[in-house]
2 protein chains.
Amino acid sequence: MNHLELRPPTMADVARLAGVSHQTVSRVLGDHPNVREETRARVLRAIEEMGYRRNSSARALATRRTRTLGVVAANTTLYGPASTLFALEDAARAAGYTVSTVSLHKLAKETLSEALDHLSEGGVEGVIALAPQRSAVEALAELRHPFPVVVVGTGSGAEIPSVNVDQQLGARLATGHLLAAGHRTVWHLAGPEDWQEAADRVTGWRTTLEAAGVEPPKPLRGDWSPLSGYRAGQELAGWVGRGLTAVFVANDQMALGVLRALREAGVRTPQDVAIVGFDDIPESEFFAPPLTTVRQDFATVGKHSIALLLDLIEGRAPSGTPGVAIEPHLVVRASTAPD
Amino acid sequence: MNHLELRPPTMADVARLAGVSHQTVSRVLGDHPNVREETRARVLRAIEEMGYRRNSSARALATRRTRTLGVVAANTTLYGPASTLFALEDAARAAGYTVSTVSLHKLAKETLSEALDHLSEGGVEGVIALAPQRSAVEALAELRHPFPVVVVGTGSGAEIPSVNVDQQLGARLATGHLLAAGHRTVWHLAGPEDWQEAADRVTGWRTTLEAAGVEPPKPLRGDWSPLSGYRAGQELAGWVGRGLTAVFVANDQMALGVLRALREAGVRTPQDVAIVGFDDIPESEFFAPPLTTVRQDFATVGKHSIALLLDLIEGRAPSGTPGVAIEPHLVVRASTAPD
DNA sequence: CCATGAATTGTTAGCGCTCACAATGTGCCT
DNA sequence: AGGCACATTGTGAGCGCTAACAATTCATGG
């Protein structure tokens, strides 16, 4: 309880109590095979009795392994990043690693550099960067760092190893769903230009329309926030009755704003305009109306990222198929089909 | 770039290149006053040239300070915990500490114990526990750990130092606001019994009603999820016209569910029933209608928690006024007042 | 009964850094 | 010029652990 007690016991202390050498204690802790059962028991008892814990710094110094990974991210209060963070942490811990996180307000080159410095000082063996913006990856590619880095969510620009959800597929699912429901065309409210995900969703949307022989309308731009969706929604409302019957919105939060703007403009969803979002945040199911959206599997993203990073750290050939994006799924709700 | 390069340079390497002793390099890095300006420059140049970085493990071993804090949390994808996590990380980094996070699915005693073990193995100097459930604090109190622990969000049971938002005040603001608007009574959809915040909000709501001479209706229970709010909302709808004109919902997600259930039942908000939520998640402003809610200042929570933990680690008397809860604020929107 | 090898344990030397102290250099006063 | 205080630098000893090797024990079989 009292952390100010004299200094914590060392391996030598345990060894003394157990009547063995410190090396034997180390062997027991390391699950070495060649330790007599009785000795092991004696050592374990001594460890228990003294409440001994290995000193991680000394261990790290001797082994040259800190068993710590770093994660750099921005916007960690948003559902997507928060979920990814969670999955990463889970996967890393399962692999016996500790995770140090640096949450930034913005992924500018300078802050990124400071973050890597901070993690580097902390002795991480590798870093996962949740860098959805292209500029962030570019900055990352220019930065020197003494450990491998894996990027999550910024396509495979090939400069840096990465793990991704197939955003284009997600957009194709969304757009295709609307076309299949009989809509002649599908409008798109996109995310910020600099975001890879936003770009990929635009591409997926555009190609789906083109494949169907439809000229894509000019996409609108938002910044992921409900407010920007609201503003775009007001603009979209003006096109109702002039060919706009379906909108694919690049994320659920903006879709929420769009829904509100349409409702205020007297436009009914889905009767007048069908809406599809992206992310499947927990709230989406209870929007007015419940939102059809695209769900990403963050747990898988986390597992793959950690696996890839560990491969790089160990110097093995990456075990997962490289460049394979994780498949998202369409979740159909009332915003595209009256129930 | 290549992390498999020969072994990274050591302080001795830098010293050799700069023509000084390793101790002088250490002094330069430690900003020691007594180093000649010219020497310092020479050392810094050598450091730069070799791309030297101090080995944190060796440093930690020698100083007995890891400069690492741990955070244990569950439900980190929710807005509140995610925001707190962010604030904690920010505050810790500002204080020169690295943060290791353990995100749990559930704060059971066993998982908590494993989490503390994991962090302990990682050499943390102290831990912040985001433990909103009373059972979690109790479990925490029973566990032995060789470092100080600060709990966030579970009242001041006094067993463990804690930092809190004044949930009762928040509930009083919400309930008072509704009473002031002329409602005769206010119903309450509470969070899970075991959660301290839920209990505090119930208390704040109840005392406000009692102070106004109103007998509080029996509170409903939800589990924070929109779905549970939806179910409760269906039940609440049945009381409309029989005295129910206002509901204080213990969080915004449930309020979303309530709003939907009421709408489906043909009950208008706020004309027929006014709703107040709690949390002010980013979506709340765009609900149908926009939600009046209570905002918590997570950044302050983060700063206070870290400050308190560092005080405990350093063995100082806590600098902040102990037990002082952080004030939340009411954000009034259309769900309680037609615009 | 002793040689032989395997199983088990101990010994020694760092890992790269900081701390305490020793040694040297510098300026200034008398 | 000598001496003293102070600034500056160097030296040695760990911090607590693991890795490599050395030493010991133990069972076997000839």
Side-chain angles (χ1 to χ4, degrees), chain A residues 5-44 46-47 50-68 96 98 120-125 146, chain B residues 5-44 46-47 50-68 96 98 120-125 146:
Chain A
E5 273 160 26
L6 356 169
R7 123 175 355 178
T10 85
M11 201 169 256
D13 297 331
V14 173
R16 205 169 309 121
L17 178 61
V20 297
S21 76
H22 65 132
Q23 178 59 15
T24 296
V25 178
S26 176
R27 286 196 183 95
V28 169
L29 254 21
D31 264 341
H32 241 76
N34 292 347
V35 178
R36 210 193 316 155
E37 200 42 59
E38 189 254 318
T39 313
R40 176 190 312 279
R42 198 142 36 87
V43 169
L44 288 176
I47 288 176
M50 308 190 76
Y52 169 76
R53 331 213 46 152
R54 258 190 304 206
N55 178 317
S56 59
S57 306
R59 207 161 122 70
L61 180 57
T63 58
R64 302 152 169 287
R65 301 291 311 260
T66 59
R67 301 233 146 236
T68 298
T98 290
S120 187
E121 293 280 337
V124 297
E125 294 182 24
Chain B
E5 273 161 24
L6 356 170
R7 126 175 351 181
T10 87
M11 201 169 253
D13 297 332
V14 173
R16 205 169 309 122
L17 178 60
V20 297
S21 75
H22 65 128
Q23 177 59 18
T24 297
V25 177
S26 176
R27 287 196 183 95
V28 170
L29 254 21
D31 264 341
H32 240 77
N34 292 347
V35 177
R36 208 192 317 156
E37 199 42 58
E38 189 253 321
T39 313
R40 176 189 311 279
R42 197 142 37 87
V43 169
L44 287 176
I47 287 176
M50 307 189 78
Y52 169 75
R53 331 212 46 151
R54 256 191 305 206
N55 178 317
S56 59
S57 306
R59 206 161 124 72
L61 180 57
T63 59
R64 301 151 170 287
R65 301 289 313 257
T66 58
R67 303 231 144 237
T68 299
T98 290
S120 188
E121 293 281 338
V124 298
E125 294 182 24

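No hydrogens, no waters, no symmetry mates; every other heavy atom, side chains included, goes into these values.
Across the protein-nucleic acid pair, B/H32 atom NE2 and C/dA20 atom P stand 10 Å apart, rounded to whole Å. Protein atom CG of A/L29 is 12 Å distant from nucleotide atom C1' of D/dG16, rounded to whole Å. Note: CZ (B/R42) to P (D/dT8) measures 14 Å, nearest angstrom. Spacing between atom CG of A/L61 and atom P of D/dA19 amounts to 12 Å, rounded to whole angstrom units. Across the protein-nucleic acid pair, B/R59 atom CZ and D/dG16 atom C1' stand 18 Å apart, rounded to whole Å. Going from atom NE2 of A/H22 over to atom C1' of D/dA19 covers 11 Å, rounded to whole Å. Between B/M11 atom CE and C/dC15 atom C1' the separation is 14 Å, expressed in whole Å. Rounded to a whole Å, the CD atom of B/Q23 is 12 Å from the C1' atom of C/dA22.
Distances were taken from every side-chain heavy atom of A/N55 (C-beta onward) to each of C/dG10, D/dG16, C/dC17; the shortest belongs to D/dG16. Between D/dC17, C/dG16, D/dG10, one nucleotide has an atom nearer to the side chain of B/A58 than all others, and that is C/dG16.
The base of D/dG16 is not paired with the side chain of B/R64 by any donor and acceptor separated by under 3.5 Å. Side-chain atoms of A/R27 come within donor-acceptor range of the base of C/dG10, with a qualifying N/O pair under 3.5 Å.
In this structure, A/A46 and A/A18 approach most closely via the heavy-atom pair CB-CB, 3.9 Å.
Neither OP1 nor OP2 of D/dA7 sits under 4.0 Å from any side-chain N or O of B/R36. For C/dG10, one of the phosphate oxygens OP1 or OP2 lies less than 4.0 angstrom from a side-chain nitrogen or oxygen of A/T24. OP1 or OP2 of C/dT9 has not a single side-chain nitrogen or oxygen of A/S21 nearer than 4.0 Å. Note on A/T63: every side-chain N or O is 4.0 Å or more away from OP1 and OP2 of D/dT18. Contact check, A/R65 against D/dT18: no side-chain N or O comes under 4.0 Å of OP1 or OP2.
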- prompt: What's the verdict on side chain to side chain contact (heavy atoms under 4.5 Å, CB included) for B/I47 and B/L29, showing C-alpha distance, side-chain angles and the deciding distance?
  reply: CA-CA 10 Å; B/I47 287 176; B/L29 254 21; 3.4 Å; yes
- request: I would like to know whether B/R67 and A/E121 meet side chain to side chain contact (heavy atoms under 4.5 Å, CB included); could you show each step before the answer?
  value: CA-CA 10 Å; B/R67 303 231 144 237; A/E121 293 280 337; over 6 Å; no
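Heavy-atom nearest nucleotides on DNA chain D were determined for B/V20 and for A/R54, and the one closer to the 5' end corresponds to B/V20. Taking the nucleotide of DNA chain C with the nearest heavy atom to each of A/N34 and B/R53, the more 5' of the two is matched to A/N34.
The distance from the NE2 atom of A/H22 to the CZ atom of A/R27 is 9.0 Å, given to the nearest 0.5 Å. Between the CZ atom in A/R40 and the CG atom in A/N34 there is a gap of 9.5 Å [rounded to 0.5 Å].
Among the heavy atoms of the strands lying under 4.0 Å from B/T39 are primed sugar atoms or P, OP1, OP2 only; no base atom is included.
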